[in-house]
Amino acid sequence: MSEKIKVGILGATGMVGQRFVTLLENHPWFELVTLAASAHSAGKTYEEAIGGRWKMETPMPEFVKNMVVKNVADVEDVVKNVDFVFSAVNMPKAEIRAIEEEYAKTETPVVSNNSAHRWTPDVPMVVPEINPEHYEVIEHQRKRLGTTHGFIAVKPNCSIQAYTPALAAWKEFEPREVIVSTYQAISGAGKTFNDWPEMMGNIIPFISGEEEKSEKEPLKVFGHVDEEKGEIVPFDGALKITSQCIRVPVLNGHTATVFINFGKNPTKEELVDRLVNYTSQASELGLPHAPKQFIQYLTDDDRPQVKKDVDYEGGMGVSIGRLREDSIFDWKFVGLAHNTLRGAAGGALESAEMLKALGYITKK
Ligand SMILES: N[C@@H](CC=O)C(=O)O
């Protein structure tokens, strides 16, 4: 009998769901046993349900091809054999909030890639290398939900992953005003060039809801658990972020160009030192998907580049370069992160690994 923790995927047929499937093949701790999607896919084998819509670079793993897809709405049926689920469901936000809570209330932890619960005050929104202590709020959430085991944990939006790690590494220098422009890959919208030909040779200067997420989510990540309130209180210091988010003709990899002011006056040597020597509990715990080195600093003038750097540390690391003084702000730099690995399914998988390592996810 397998000792691995059994996992299901809600929303298994979408692009993030497919990424979860590929990442869970031969996972050392987790065994993928259940796939769930909309009523339209339910009852079909995974291969039939996907049809011609497999969007990963590698072929569909053999072990999932004949799994019969369950209906996400049949909660009791989906949770029967699993210890926890990943959620990548595609529904209106209010419905996602409701169904993720329904799953949690069956004592099934939910690790979600969705934005629906990111601002629920007792739901931790964690980048394992930055704010794993926020998982402590789970005890308060469990009280609200009336569970002993079930809870919801989320990861932040992909767009913040290319610059928030640098802000975390530079916390002691008190980041203040930040102007960020993101150049976001089409896979962030669940698309490839085949299904979005309009993006070939094109730039679209609008991504719905993205600027608000880019500006506000880092403040929750840098917040703290208020034990009395039983919730995460967002950072209310001097950090202010403004952003523009642009869709660019790139398949994978969100780039961010950033201008930043600090409360203190760090030297370039100090800034680079804090990036390359950034350490975290995630790497110390030896999580299967935690990068050995979270942040790489690149000195060539033409890096980070999507083609050369997006797969750094298996797509789980963050690349920073072009750090230089600015004539209006203190410093400016460019960051790059893989949006569907570090920024989506990979980040959620690493979060689940951390939750398992910390004892929040166990066999039922
Ligand atoms: N909203 C993001 C999704 C992140 O992967 C985007 O559109 O790029």
Side-chain angles (χ1 to χ4, degrees), residues 15-16 18-19 22-23 55-58 127 129-130 157-170 180-194 196 199-204 207 214 243-260 268-269 271-280 282-283 288-324 326 331-347 349-350:
M15 200 168 194
V16 176
Q18 293 179 24
R19 184 65 82 184
T22 59
L23 290 171
K55 297 183 182 182
M56 300 295 102
E57 306 81 12
T58 51
V127 177
E129 286 81 1
I130 300 179
N157 198 47
C158 54
S159 64
I160 79 164
Q161 320 264 347
Y163 55 95
T164 306
L167 304 187
W170 296 334
V180 56
S181 299
T182 62
Y183 302 83
Q184 299 192 202
I186 61 171
S187 57
K191 308 274 193 201
T192 63
F193 286 108
N194 281 340
W196 203 1
M199 275 310 297
M200 282 187 216
N202 197 11
I203 278 179
I204 297 181
I207 305 173
S214 303
S243 73
Q244 295 202 76
C245 298
I246 313 290
R247 189 71 72 195
V248 295
V250 159
L251 181 62
N252 291 312
H254 287 0
T255 298
T257 62
V258 183
F259 295 86
I260 181 166
K268 182 166 182 178
E269 289 65 36
L271 291 171
V272 172
D273 173 78
R274 300 312 186 270
L275 293 177
V276 298
N277 290 312
Y278 189 89
T279 53
S280 71
S283 53
H289 282 82
K292 286 198 178 57
Q293 181 158 347
F294 183 37
I295 305 173
Q296 70 167 339
Y297 177 68
L298 298 158
T299 51
D300 289 353
D301 284 341
D302 62 356
R303 307 282 286 279
Q305 269 180 41
V306 170
K307 281 207 168 151
K308 292 185 175 161
D309 303 310
V310 76
D311 291 323
Y312 167 63
E313 287 277 13
M316 292 299 287
V318 176
S319 301
I320 305 288
R322 306 223 63 218
L323 176 63
R324 58 221 193 273
D326 183 55
W331 293 91
K332 54 189 168 188
F333 69 95
V334 178
L336 168 69
H338 197 302
N339 54 300
T340 66
L341 288 167
R342 162 54 61 186
L349 178 54
E350 191 193 343

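Quick note: numbers below take in every heavy atom, side chains included, and nothing from hydrogens, waters or symmetry partners.
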Hey, what do you get for [atom1] ([X]) to [atom2] ([Y]), rounding to the nearest 0.5 Å?
X    : Y    : atom1 : atom2 : result
W331 : I260 : CH2   : CD1   : 11.5 Å
Y183 : C245 : OH    : SG    : 10.5 Å
I160 : S243 : CD1   : OG    : 11.0 Å
Y278 : E129 : OH    : CD    : 7.5 Å
Q184 : N252 : CD    : CG    : 13.0 Å
K332 : L323 : NZ    : CG    : 11.0 Å

I want to check something: taking the side chain as every heavy atom from C-beta on, are [X] and [Y] in contact at a cut-off of under 4.5 Å?
X    : Y    : answer
V16  : T340 : no
L298 : I320 : no
K268 : L271 : no
L336 : V318 : no
S283 : F294 : no
S214 : Y163 : yes
V180 : T257 : no
I204 : M199 : yes

What residues, two or more places apart in sequence or in another chain, satisfy side chain to side chain donor-acceptor pair (under 3.5 Å) together with D309? R303
When you check the side-chain N and O atoms of [X] and [Y], is any donor under 3.5 Å from an acceptor?
X    : Y    : result
S187 : N339 : yes
S181 : Q244 : no
N194 : T192 : no

Which atoms form the tightest heavy-atom contact between [X] and [Y], and what is the distance?
X    : Y    : answer
A185 : H254 : N-ND1, 3.0 Å
M316 : G347 : CE-N, 4.0 Å
G321 : P304 : N-CD, 3.7 Å
L251 : K191 : CD1-O, 4.1 Å
A169 : I295 : CB-CD1, 4.2 Å
Q293 : V276 : NE2-O, 3.3 Å

Starting from the C-alpha separation in whole Å, work towards a yes-or-no answer on side chain to side chain contact (heavy atoms under 4.5 Å, CB included) for R247 and I186. CA-CA 7 Å; R247 189 71 72 195; I186 61 171; 4.3 Å; yes
By salt bridge (Lys or Arg N to Asp or Glu O under 4.0 Å), which residues pair with R322, not counting sequence neighbours? none
Could you work out, with salt bridge (Lys or Arg N to Asp or Glu O under 4.0 Å) as the rule, every residue matching E269, not counting sequence neighbours? none
Go through K307 and V310 one step at a time and tell me if the side chain to side chain contact (heavy atoms under 4.5 Å, CB included) criterion holds. CA-CA 6 Å; K307 281 207 168 151; V310 76; over 6 Å; no
Would you say T22's side chain and R19's backbone share a donor-acceptor pair under 3.5 angstrom? yes
Any donor and acceptor pair, going by atom type alone, linking the side chain of K55 with main-chain N or O of G190 inside 3.5 Å? yes
Measure centre to centre between the rings of W170 and F333, then say whether the value is under 6.0 Å. yes
Quick one: do T255 and V334 satisfy side chain to side chain contact (heavy atoms under 4.5 Å, CB included)? Show the steps, please. CA-CA 7 Å; T255 298; V334 178; 3.7 Å; yes
Please test R342 against E350 for salt bridge (Lys or Arg N to Asp or Glu O under 4.0 Å), starting from the C-alpha separation and ending with a verdict. CA-CA 9 Å; R342 162 54 61 186; E350 191 193 343; 3.0 Å; yes
